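See structure below.
Below, all heavy atoms of this structure are taken into account, side chains as well, without hydrogens, waters or symmetry copies. Please read all numbers here as calculations on a predicted model, not as lab measurements. Order of appearance sets the numbers: ligands from 1, and atoms from 1 within every ligand.
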Amino acid sequence: MLPVLRVLLPGVVGACCLVATFLPASAQEFTPNYDEALIPKYTLPDPLVFPDGSPVSTAEQWKTKRRAQILEQFAESVYGHVPPAQPDVRFAVTKQIDNFRNGRATLKEIEIRVGAADQPTVLTLLLITPHLNRPVPVFLGLNFAGNHAIAADPEITLNPNWIRPNYAGVVNNHATEASRGISASRWPIDLLLERGYGLATMYYGDIDPDFDDGFKNGIHPWFYKEGQTQPAPDEWGSIAAWAWGLSRALDYLGQDAQVDAQRVAVLGHSRLGKTSLWAGAQDERFALVISNDSGCGGAALSRRAIGETVQRINTSFPHWFCKRFHEYNRKESELPVDQHELIALIAPRPVYVASAEDDRWADPKGEFLSAFHADPVYRLLGTAGLGGQQPDPEMPAVDHPRNGGTIGYHIRTGKHDLTEYDWQQYLNFADRHFQHSAK
Ligand code: GTR
């Protein structure tokens, strides 16, 4: 997609022109920079230096002190803290079909009911597991348009909640039968089953609908203190809420006998890639973390300000990050962290960052550089990092994945999307790190 069009129709598959009219004037006037020569001079914060200037020189120092400091900085200044309240969370398996896809798999729908028993917020997790007579590793990822959109199979319940209008079959912000399977190309279920993996997915809008309503809907209100009507400036926006939902899904997966909960990979595309990174950074039970084209506020370095910038994202999507993050609009260099440190928080667990050649809005080079600058933390923790004796600072060529280490990276031909090519790389990477094979 042409960059200029991307500005008006940001990242939306099959969007209609109406989207542009929803953007505030300041967002529409934004002209992205794509010239490397115009990147502001910047110095990245060093994850391996303590605030007092002393070096982090042992794995122990990282694990016991430094990691927590950086995690706190991200919560405080970027994604927001999850408030301390603990609303009730209950699981109910509401559907089970053991002969899904001609008897190859079991399909389950699990309601994750958050808050008061009489009127909970309901998140519906879809779980599809191959019949292998043993617990299977699972890829868990949020979806954009409802569980029914990932496959045309009529067994999947049509989502009843608010859905963005730009998806096929959505009428008055609600799914219809015509919405079934519209995102199937992003979710190659048969391939996963063949490779011996389960798939778990949930609609992100179940957790918090993706529009700026001052946090009246979704799960945020369950966490308000008496009299509170919206999150405090250092409390969570939507991305952190979506990440919270992923952790609750993982809680359920830990109870399901068909799932090997020690081997759950969390994956997300675009805004949901930002989410999978934040979920994986906070919740160390995720054994592998995948960012597909996550861009600004995800894998891309904020300080490069190429394509989408902090100001632009906070203007177009004021509800995604915490309000404190807005203080860094056009002041990226004042951020206490940058996104390579988000990748570093996942160490020593395997992480995969992927870009697409035509996805300049998400700054592929900035996504690679985050992986590159996270490498020293991975090596301090005794892993192979990006692989090689020294990490190679050159970006891999298009369609030549660099995934022999603990940090995987590829840039593929094509546009902003989650494709079968991407999945093939993730499956190979997971096979190696999970020591898994379909047999
Ligand atoms: C865009 C946004 C990106 C990315 C994308 C998506 O509009 O600017 O940061 O998240 O949406 O989620 O598809």
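Considering all non-hydrogen atoms of both residues, Q282 and A243 come closest at NE2-CB, 4.1 Å.
Where the criterion is an N or O separation shorter than 3.5 Å, residue side chain and backbone included, W320 fails it with respect to ligand 1. Taking only nitrogen or oxygen atoms, main chain and side chain alike, H269 does not reach within less than 3.5 Å of ligand 1.
Residue contact check: K274 has heavy atoms under 4.0 Å from atoms 3 (C), 4 (C), 9 (O), 10 (O) of ligand 1. Residue contact check: S270 has heavy atoms under 4.0 Å from atoms 4 (C), 5 (C), 6 (C), 10 (O), 12 (O), 13 (O) of ligand 1. Of all the atoms in ligand 1, the ones that sit under 4.0 Å from a non-hydrogen atom of I313 are 9 (O).
Residue R312 does not touch ligand 1, judged by heavy-atom distances below 4.0 Å. Counting heavy atoms closer than 4.0 Å to ligand 1, residue R271 contributes atoms from both its backbone and its side chain.
For an aromatic pair to be called close, the ring centres must be under 6.0 Å apart, and W361 with H416 fails this. Ring centers of Y426 and F139: at least 6.0 Å apart, outside the cut-off.
For the residue pair D210/W242, the side-chain donor-acceptor check at 3.5 Å is not satisfied.
Taking the charged nitrogens against the carboxylate oxygens, R67 and E284 do have a contact shorter than 4.0 Å, which makes a salt bridge.
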Intermediate values then yes/no, ring pair (Phe, Tyr, Trp, His ring centres under 6.0 Å), F429 and W423: CA-CA 10 Å; F429 193 69; W423 276 103; over 10 Å; no
